[in-house]
Amino acid sequence: MDTTNTKPASGGRIWAALSAYPRLLIGSLLLLILVVLALGAPMFTSYGPLDQHLDAVLQPPGGPYLLGTDQLGRDLFTRTLYGGRLVLAVAVASTAIAMVIGVLLGLLSGYRRGWLDSVLMRAMDGVIVFPELILALGITYALGPSFWTVTAAIATVNVPKFARVVRGQLLSLREREFVAAAKVSGVPTRRVLALHLLPNVLEVTVVQAALTGGLAIFTAASLSFLGLGLPAPAPDWGGILRDGYPYLSYVPLFSLLPGLVIFAAMLSFNLIGDGLRDLFDPKVLPRSSASTARVARRAERRSASGVPTVVAELPRPALAGHSRAETEGHADEH
């Protein structure tokens, strides 16, 4: 009896999915690097984020200070690494809070409709009309700058995004046959929402969460740059950028370094969001299938012009969410 497991390992399936969608792969690797550097900061530097060396103020890169020092002699490389902990923690916490609240409001609004839908959506519209940064500034100023204040402010401005996306999905899902069957069977509303509707909106919710994470990093850095973010002397990317602005002509890396890290973090979340959207969208071909379709179209054009050609079909790996039959069907359509 053959006991060989013919199914690929879960790690192999994940790698196949990542490699088939380059943006998802690049974004995941970039974010992984930033997280490893932030969490493993003590392994990459021998200084503390608050250690001052007043005899080595505004030092250029090199020597004992890899990327130079700030106006108080603190190592910039060290502060950038430790600053990533706070910024990424704010981004993840605020996105998670906004997602939970927004999904709950979207489910209730899209399923119940009526006056509850009107009240919730008008409340969401009232939040959306304010520019995100201005509203976050007002909340942080009113409550005082702190980690949880910044987290709550960023979560508040992002709740409507999740609520509106989920509500839009529910407007069509609530009319489907499986929902009607659950109602007729006497299934309680909370079970219909949790077991039948919530799993069908998880894909768009995950994509929205990835895109929101990048905006949360930008908002957190902007609040710190304006002086209403994470309180000093705790290092964070926006605060380091603000401290280095007056010395831009003397030590350019003082401001450029946190700016580049903020850009890299936002780029990673955006790439992950775009990659997940492609992964969940059945109309988007994986890279190997898209390449096969392009080769086939090129061969057809050459055949029409009378130029002989030999086309070698590229391998099509079976990906999570895309069976081989589905992949071949997409290639035929294109």
Side-chain angles (χ1 to χ4, degrees), residues 10-35 87-111 124 128 132 151 154-174 176 178-179 192-220 264-287 318-323 326-327:
S10 59
R13 291 197 300 268
I14 294 175
W15 176 252
L18 289 175
S19 60
Y21 297 91
R23 286 183 291 188
L24 181 58
L25 175 62
I26 295 173
S28 300
L29 291 177
L30 184 57
L31 181 60
L32 178 62
I33 292 173
L34 293 175
V35 171
V87 175
L88 292 175
V90 168
V92 172
S94 61
T95 301
I97 294 173
M99 181 176 64
V100 171
I101 298 175
V103 169
L104 178 60
L105 295 179
L107 287 173
L108 294 176
S109 178
Y111 185 76
M124 296 299 100
I128 291 176
E132 293 184 9
T151 300
I154 298 175
T156 301
V157 301
N158 286 310
V159 165
K161 299 176 183 177
F162 291 95
R164 295 181 72 88
V165 167
V166 173
R167 175 184 177 271
Q169 295 290 314
L170 261 291
L171 292 180
S172 60
L173 289 173
R174 68 191 298 271
R176 301 286 291 274
F178 67 91
V179 177
V192 174
L193 292 175
L195 301 180
H196 298 279
L197 294 176
L198 181 59
N200 286 282
V201 299
L202 286 180
E203 293 182 355
V204 294
T205 302
V206 170
V207 173
Q208 183 62 52
L211 298 175
T212 302
L215 294 175
I217 289 177
F218 174 77
T219 305
M266 293 181 61
L267 179 63
S268 67
F269 277 100
N270 288 335
L271 288 175
I272 291 174
D274 291 340
L276 289 174
R277 183 166 50 196
D278 293 342
L279 177 64
F280 295 142
D281 189 354
K283 297 179 181 180
V284 178
L285 289 174
R287 181 176 59 179
L319 303 177
H322 294 274
S323 66
E326 291 173 340
T327 304

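The residues of the chain are indexed from 1 along the displayed sequence.
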Can you spot which of Q169, R167, Q208 makes a side chain to side chain contact (heavy atoms under 4.5 Å, CB included) with V201?
Q169
Over all atoms of both residues, closest heavy-atom pair of G27 and S268:
O-CB, 3.6 Å
Within a strict 4.5 Å, meaning less than it, do heavy atoms of the V165 and T205 side chains meet?
no
L24 CG to D278 CG distance, which is reported to the nearest 0.5 Å
9.0 Å
Rounded distance [0.5 Å steps], CG in L271 versus CG in L276:
11.0 Å
Restricting to non-hydrogen atoms, name the atom on E132 and the atom on N158 that form the minimum distance, rounded to 0.1 Å.
OE1-OD1, 4.2 Å
Heavy-atom check, side chain of F162 versus side chain of L104, under 4.5 Å:
no
For the atom pair CG (L29) and CG (L34), what is the distance rounded to the nearest 0.5 Å?
11.0 Å
Determine whether L170 and S109 satisfy the following criterion, side chain to side chain contact (heavy atoms under 4.5 Å, CB included), listing intermediate values before the conclusion.
CA-CA 8 Å; L170 261 291; S109 178; over 6 Å; no
To the nearest 0.5 Å, how far apart are CG in D274 and CZ in F269?
13.5 Å
Distance-minimising heavy-atom pair for A98 and A155:
CB-O, 3.5 Å
Could you pull out the closest heavy-atom pair between M124 and P160, with the gap in Å?
SD-CA, 3.6 Å
Give the minimum heavy-atom separation between I154 and S94, together with the two atoms involved.
CG2-OG, 3.5 Å
What pair of heavy atoms forms the shortest contact from M266 to G214, and how long is it?
CG-O, 3.5 Å
Decide yes or no for L198 and V166: does some side-chain heavy atom of the first lie under 4.5 Å from some side-chain heavy atom of the second?
no
Hey, are the side chains of L215 and L211 touching, using non-hydrogen atoms and a 4.5 Å cut-off?
no
Kindly check if the number of other-residue, nucleotide or ligand heavy atoms within 6.0 Å of OH (Y111) is above 12?
yes
Tell me, do L88 and I217 make a side-chain contact under 4.5 Å, heavy atoms counted?
yes
